[in-house]
Amino acid sequence: MRFQAPRGTQDVLPTQSHRWRFLEDTFATLASRYGYKELRTPTFEDTDVFLRTAGETSDIVTKEMYTFTDKGDRSLTLKPEGTAPAMRSVLEHSLCPQGSILRMWYAIPIFRYGRPQKGRYREAHQFGLEVVGSGAVTADAEVIEVTSRFFQEVGIDDCAVHINSLGRAECRSRFQEAILNHVATFLTDQTEEVKAKAHKNPLGLLDSKDPATQEALKGLVPILQYLEPESKARFEQLQQLLTDASVPFKVDTDIVRGLDYYTETVFEVLSNKLGAQSSVCGGGRYDNLVKEMGGSPTPCVGVGIGVERTLLVLEAAGLEIPEDRLDVFVVSAAPDAEAEVLAIARDLRSAGLSAMSDLDARSLKSQLRQADKSGARFALILGTDELEKGVVQVRDLAQGTQTEIPRSEIASHFKDRAKD
RNA sequence: GCGGAUGUAGCUCAGUGGUUAGAACGCCUGACUGUGGCUCAGGAGGUCGUGGGUUCAAUUCCCAUCAUCCGCCCCA
């Protein structure tokens, strides 16, 4: 019986982990340049945290949660998304007193039980941003700007943010009614399941991939026409702000988002490189969530960025993420040089360089092969002659050139070389 | 959760109802008695996803199961 990673999960192998680090570092640095601080929350939460917030209609609550009962008979759930736990923490610790504004970022695993395929996993990872306490459009614009810059910095520069507005509750319910009226005749010949779903979440019809559904929706007046004057003004302002910030965007009235808590601004970044999964990130404004969780009404905006999906897009674009190279591989050319080799490697590390040496007392040739494969810039060779003379051979592995330097000058020699 | 495809060495893939299952790449060793990358030679590595069944005989046929991929659904 051979073990394998559970279905829908994956190992990040040593050859791949630098790609993850690159994304994590880029995101963390960027977020902190905008003044966001990191929030770390537990991997699991009381199940109620999600039942109350994601909306009873959403599939993630009804059938995709990893829920279990612990030995104390508590119902717990591996978090399927990051916003609700973040808000739970904000409320629990009063992180955002009335009138203040809180900016946070996080990098978390999320868990959803669904059938895995490319870009969809049972354990996935998400970078998130949340701005708590501001109802200003500038907050919406800021979150979108950071998101867009993240993709740019990571090397994906051809992505436009698709934005839409869902308005406030009143206009949304009028729009939902309009959708149902529009597709009423179409729905009559549909299965009970389709009908039920349509009534439960009419907005969901908009991003349906079913051609017949899309056909039935033809001629529907887009939601933007239903917006109240303030919502409309806000959406226009948002576009102006994004334009001012040189953030490429596209108004896309099919963006509806899957979670129930969104209001006003919603957005996604889409990619055609992900097969059936088109969205790399999704976010928007959720002004009612905190109140629904029992806090005082607090306007918020946030975004979740799919790490695996971002990686897939990078890969599809053929973007290579450079890996840290080893500086020096220290080679022993004589059995009695081994202790010295270890000492030299240690000195190099103390001087801030990366250094490795052979572990198995293999041949000189083998050690140089290892040096070559390690990607090291230099091999440092120490044999009988060198021991006697108190020197080492410094071999530039890319150029094949070799020079001799005194032992005492090793650290300073490489300090200078390492700079270029 | 539904439909379809796939599963043979570390990787990418050939192949066959029947004595020891192959290739390229990768890996190790050597040619090169103190020197990597190229070349050449040799070597290691596979219970042919797992479990059943059919058969004198199965990696090959059948069933189940697990996993991956594609579409639906859902979304990151």
Side-chain angles (χ1 to χ4, degrees), chain A residues 1-10 13 15 23 54 57-65 79-83 107-128 147 191 193-194 197 201 204 207-211 213 255-259 268-271 274-283 302-313 329 331-335 337 358 360 362-387 392-402:
Chain A
M1 158 88 193
R2 231 176 136 180
F3 291 113
Q4 39 189 168
R7 180 163 207 204
T9 66
Q10 45 192 189
L13 304 178
T15 49
L23 293 190
T57 64
S58 77
D59 276 21
I60 101 169
V61 168
T62 54
K63 44 191 184 196
E64 293 186 352
M65 295 205 305
K79 51 188 177 200
E81 58 108 12
T83 301
I108 57 166
I110 58 170
F111 305 87
R112 291 181 200 173
Y113 190 90
R115 185 177 284 218
Q117 61 189 70
K118 195 185 197 74
R120 185 170 70 187
Y121 308 101
R122 290 185 174 174
E123 180 185 31
H125 299 263
Q126 200 172 74
F127 296 150
T147 303
T191 62
E193 196 194 334
V194 172
K197 214 166 70 181
N201 180 18
D207 64 353
S208 165
K209 283 172 203 155
D210 175 38
T213 306
I255 299 293
V256 294
R257 310 294 307 133
L259 298 164
E268 286 185 23
V269 169
L270 305 174
S271 168
L274 298 171
Q277 273 60 241
S278 55
S279 106
V280 194
C281 94
V303 64
I305 299 171
V307 180
E308 284 83 353
R309 290 184 185 181
T310 303
L311 248 9
L312 286 170
V313 173
F329 196 102
V331 169
S332 156
D358 175 56
D360 294 335
R362 298 204 201 174
S363 69
L364 175 62
K365 179 190 293 292
S366 167
Q367 291 183 61
L368 280 161
R369 269 202 277 257
Q370 290 177 60
D372 191 46
K373 264 187 309 179
S374 74
R377 294 158 215 266
F378 302 102
L380 208 152
I381 305 166
L382 189 64
T384 318
D385 294 352
E386 288 78 12
L387 274 179
V392 293
Q393 302 295 332
V394 177
R395 185 169 180 80
D396 183 315
L397 289 171
Q399 318 216 324
T401 54
Q402 194 164 311

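For the numbers below, each heavy atom of this structure counts, side chains included, while hydrogens, waters and symmetry mates do not. To find a chain, count down the sequence lines: A is the first, B the second, and so on, and within it residues start at 1.
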One should read off an interatomic distance between A:Y121 OH and A:R309 CZ, to the nearest 0.5 angstrom, of 8.5 Å

Roughly how far apart, to the nearest Å, are B:rC48 and B:rU20 at atom C1'?
15 Å

Can you tell which of A:R120, A:E64, A:K79, A:R122 makes a side-chain contact (heavy atoms from CB on, under 4.5 Å) with A:R112?
A:E64

Once you apply a heavy-atom cut-off of 4.0 Å, does A:Q402 come out as touching a base, just sugar-phosphate, or nothing?
base

At a cut-off of 3.5 Å, list every protein nitrogen or oxygen paired with a nitrogen or oxygen from nucleotides 3-9 of chain B, distance to 0.1 Å.
| unit_1 | atom_1 | unit_2 | atom_2 | d |
| --- | --- | --- | --- | --- |
| B:rG3 | O6 | A:R115 | NH1 | 3.2 |

Pairs counted only when both distances fall under 3.5 Å, Watson-Crick or G-U: show me the 5' to 3' dot-bracket for RNA chain B, [ ] for pseudoknotted crossings and | for other-strand partners.
(((((((..(.((....[...)).).(((((.......))))).....(((((..]....))))))))))))....

Applying side chain to side chain contact (heavy atoms under 4.5 Å, CB included) to A:R362 and not counting sequence neighbours gives A:D358, A:D360, A:S366, A:Q370

All N/O contacts under 3.5 Å from nucleotides 43-45 of chain B to the protein, with atom names and distances to one decimal?
none

Base, sugar-phosphate or nothing for A:G282? Non-hydrogen atoms, less than 4.0 Å.
sugar-phosphate

Selected nucleotide, minimal atom distance to A:Q4 side chain, candidates B:rC69, B:rC66, B:rG34
B:rC66

May I ask you to say what A:K209 touches in the nucleic acid, namely base, sugar-phosphate or nothing, with a heavy-atom cut-off under 4.0 Å?
base

Answer yes or no: side-chain N or O of A:E386 and base N or O of B:rG34 forming a donor-acceptor pair under 3.5 Å.
yes

Does a side-chain N or O of A:S366 approach OP1 or OP2 of B:rU29 to a distance below 4.0 Å, or not?
yes

Return no unless some side-chain N or O of A:K63 is found under 4.0 Å from OP1 or OP2 of B:rC73.
no

How far does OG1 of A:T147 sit from CD1 of A:I305, to the nearest 0.5 angstrom?
4.5 Å

side-chain contact (heavy atoms from CB on, under 4.5 Å) with A:Q126: which of A:V307, A:I110, A:T83?
A:I110

Classify the side chain of A:R120 and the base of B:rA76 as holding, or not holding, a donor-acceptor pair under 3.5 Å.
no

Classify A:A124 by what it touches in the nucleic acid, base, sugar-phosphate, or nothing, heavy-atom distance under 4.0 Å.
base

Apply side-chain contact (heavy atoms from CB on, under 4.5 Å) to the pair A:K63 and A:Y113, showing each step before the final yes or no.
CA-CA 7 Å; A:K63 44 191 184 196; A:Y113 190 90; over 6 Å; no

Span that lies between the P atom of B:rA21 and that of B:rU47, in whole angstrom
12 Å

Can you find a donor-acceptor pair, distance only, under 3.5 Å between A:Q117 side chain and B:rU68 base?
no

Given the P atoms of B:rU6 and B:rC13, what is the spacing between them in whole Å?
14 Å

Roughly how far apart, to the nearest Å, are B:rU16 and B:rC74 at atom P?
43 Å

For the pair A:F127 and A:L23, evaluate side-chain contact (heavy atoms from CB on, under 4.5 Å) and give the outcome as yes or no after the intermediate values.
CA-CA 9 Å; A:F127 296 150; A:L23 293 190; 3.9 Å; yes

A:Q393: side chain to side chain contact (heavy atoms under 4.5 Å, CB included) partners, not counting sequence neighbours:
A:I381, A:E386, A:Q402, A:E404

What nitrogen or oxygen pairs link the protein and nucleotides 37-40 of chain B at under 3.5 Å?
| unit_1 | atom_1 | unit_2 | atom_2 | d |
| --- | --- | --- | --- | --- |
| B:rG37 | O4' | A:D372 | OD2 | 3.3 |
| B:rG37 | N2 | A:L397 | O | 3.3 |
| B:rG37 | N2 | A:A398 | O | 3.0 |

Using a cut-off of 4.0 Å on non-hydrogen atoms, how would the nucleic acid contact of A:F127 be classed: base, sugar-phosphate, or nothing?
nothing

Once hydrogens and angles are ignored, does a donor-acceptor distance under 3.5 Å link the base of B:rC32 to the side chain of A:K365?
yes

With rounding to whole Å, what would you report as the distance between B:rU68 and B:rG30 at their C1' atoms?
40 Å

Between B:rA23 and B:rU65, how far is it from one C1' atom to the other, in whole Å?
32 Å

Using atom C1' of each nucleotide, how far apart are B:rA76 and B:rG43 to the nearest Å?
47 Å

Need one value for A:R362: base, sugar-phosphate or nothing, where a base atom within 4.0 Å counts as base even if backbone is also close, heavy atoms only.
sugar-phosphate

Would you classify A:G8 as touching base, sugar-phosphate or nothing, given that sugar-phosphate means primed atoms plus P, OP1 and OP2, and contacts are heavy atoms under 4.0 Å?
sugar-phosphate

Applying a 4.0 Å non-hydrogen cut-off, can you work out what A:R257 is touching in the nucleic acid: base, sugar-phosphate, or nothing?
sugar-phosphate

With heavy atoms under 4.0 Å as the rule, sort A:V280 into base, sugar-phosphate or nothing.
sugar-phosphate

Side-chain heavy-atom pair A:D372, A:L368 within 4.5 angstrom cut-off:
no

Sticking with atom P, work out how far B:rG26 lies from B:rC61, rounded to a whole angstrom.
33 Å

